[in-house]
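In what follows, every chain begins at residue 1, and chains take the letters A, B, ... in the order their sequences are listed.
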Amino acid sequence: MDFSWTEEQNAFRQSVIKFARQELNNNLIERDRNQEFSRQAWNKCAEFGIQGLPIPQPYGGGGSDILTTVCALEALGYGCRDNGLVFSINAHMWSAEIPILNHGTEAQKQYYLPKLVNGEWIGIQGMTEPMSGSDAYSLRTRAEKRGDRYILNGSKTFISNAPIADVFIIFANLDPEMKPAGVTAFVVDKGTPGLSVSRKLEKMGLRTSPIAELAITDCEIPAENLLGKEYGGQAVFTSAMEWERICILANHLGLMQRLLETSARYASQRQQFGQPIDKFPAVATRIAEMDIRLETSRLVLYKAAWLKKTGRHPLREASIAKAYVSEACVQTCLDAIKIHGGYGYMTEYEIERDLRDAIGGTIYSGTSDIHKMILASLQGV
Amino acid sequence: MEQTSTTKDQIRQFILQSAQRKGVSTLGDDESLSQNGVMDSLVIFRLVSFLEDTFNIRVADEEIVDENFQSVNGIEKFVESKLAKKAN
């Protein structure tokens, strides 16, 4: 086994950190308070090549393999303190770019991918509905075929990026009697009559990443906007979820390292009872546990990415990574706040925001409970 | 023939386990797994993983469609075709 990054990957990692620190951390407290997405930062990330990392060069991307992509996203999480921005980028990459790359026609790839990569367009996935979350395929949005058109009707909720999106991957059931097998994916462009953002939602964390509900009423789309095959929604969703569950928490690794370093530095400088607080075993132990959590999180996430790179479907490893890293990150945020004491609880120290943001990681892309259920079922439980 | 029977037995056993979790106790080999409620987003993930591990095959993303996974017989046919391609 070789756990090392190549020289090129390490250099790329450093360049991402430098870019993120210089360009992406402006006015964060205020933007978090106002739920303000930074289009400027989005465009800078696209210009740097973040959104195009896993997309092949003919479509404008960088053509990076999944491990290099994970490496870059980890660096982004380390250098960029706008976790909402990074989450929006993740949602865009895994739920819009990857489905189009893996299941789109050549015409769809040529049309959508360059603009999704260069930052001009923002993509999203519309799967979750008020009555279907973890049980994704029980969705109620319907598609009806009329000649060479499809008519979509339904509603979606908790749709990340919806208020700012240009491209929507909408899942609907083309034949409800077929149940999950009827699920079909469609690419719907912003401005298509019948598709609208019905209500913006306010959330606890990741507040710089907008989220909303969608209303879909007699939304008529041409046959060429079918994504994949009719009744092929499961394939589209499965491949998107696999990429997402492996990669979406790579930035958490960077966040955990940042919090570890910040906390260790603070503990060595903060004096109480005539000595630095890192001399107290309770504080030192907490720092050691943050380090253990970071290392084990890296191992499980890198392994899932490596398996994916070998062409396997790492269901078990992706679930372990998703459940473990998300929970580990929350605990590390809590430990960082405890080490910083009252200062850690204050907004100006920006750790409480990391905690609020990290909690989202235990919910989106399959809750920790769902991933543990998957893992238990793989053991025959 | 013996290989075919073994393949189907293993697939049937896996599907039956998933079915029993949903209260489905009997299952015909041609019965639609979507329509009887056995197949959902989690079972699909598990099934793909099971097939890759058990039969040492690779399932491409675009192959995860109902026509390949619609019944025990359908899954067996899909696996057999993958194994045949591998043998050639």
Side-chain angles (χ1 to χ4, degrees), chain A residues 98-99 101-104 127 132-139 171 173-184 227-243 245 307-308 310-319 366 370-371 373-381, chain B residues 9-24 27 30-75 77-79 82-83 85-86:
Chain A
I98 289 294
L101 176 67
N102 287 345
H103 298 276
M127 171 58 102
S132 62
S134 299
D135 185 7
Y137 295 150
S138 65
L139 55 84
F171 288 83
N173 199 315
L174 193 53
D175 183 352
E177 287 195 3
M178 291 176 70
K179 297 185 176 173
V183 174
T184 304
L227 182 60
K229 298 176 182 173
E230 287 186 348
Y231 314 114
Q234 293 174 343
V236 177
F237 186 67
T238 301
S239 69
M241 279 294 99
E242 195 171 77
W243 273 89
R245 287 170 176 174
L307 282 166
K308 177 74 178 162
T310 65
R312 296 177 65 90
H313 289 283
L315 171 70
R316 174 176 168 269
E317 291 75 11
S319 280
I370 282 289
H371 286 291
M373 200 171 94
I374 293 170
L375 292 167
S377 72
L378 289 171
Q379 299 302 320
V381 175
Chain B
D9 286 347
Q10 291 179 87
I11 292 167
R12 190 188 293 117
Q13 191 180 355
F14 175 86
I15 293 295
L16 263 175
Q17 264 186 351
S18 300
Q20 282 162 358
R21 289 170 199 276
K22 301 191 163 200
V24 179
L27 198 67
D30 279 318
E31 200 172 328
S32 165
L33 301 174
S34 285
Q35 292 193 21
N36 65 12
V38 171
M39 203 62 88
D40 61 27
S41 56
L42 299 185
V43 173
I44 291 259
F45 274 117
R46 288 180 52 227
L47 176 62
V48 169
S49 193
F50 164 79
L51 296 178
E52 289 194 333
D53 290 345
T54 307
F55 303 108
N56 196 25
I57 57 173
R58 295 285 170 271
V59 181
D61 290 342
E62 60 272 17
E63 291 173 325
I64 305 173
V65 287
D66 190 53
E67 65 188 79
N68 291 329
F69 299 143
Q70 60 187 329
S71 64
V72 170
N73 280 341
I75 299 167
K77 192 175 156 194
F78 172 69
V79 170
K82 299 288 284 186
L83 291 173
K85 275 183 200 163
K86 201 173 156 188

When rounded to the nearest 0.5 angstrom, what distance separates CG in B/Leu42 from CG in A/Leu315?
9.0 Å
Quick check: closest heavy atoms across A/Gly232 and B/Val65, and the distance to 0.1 Å?
CA-CG1, 4.2 Å
Would you mind telling me which of A/Gly311, A/Pro314, A/Gly366 has the largest number of heavy-atom pairs within less than 4.5 Å of chain B?
A/Gly311
Report the donor-acceptor contacts between chain B and chain A below 3.5 Å as a table, one pair per row.
| unit_1 | atom_1 | unit_2 | atom_2 | d |
| --- | --- | --- | --- | --- |
| B/Arg21 | NH1 | A/Val381 | O | 2.4 |
| B/Arg21 | NH2 | A/Val381 | O | 3.3 |
| B/Gln35 | O | A/Lys179 | NZ | 3.2 |
| B/Arg46 | NE | A/Ser377 | OG | 3.1 |
| B/Glu52 | OE1 | A/His313 | N | 2.9 |
| B/Asp53 | OD1 | A/Arg312 | NH2 | 2.7 |
| B/Val59 | O | A/His313 | NE2 | 2.3 |
| B/Ile64 | O | A/Ala235 | N | 3.2 |

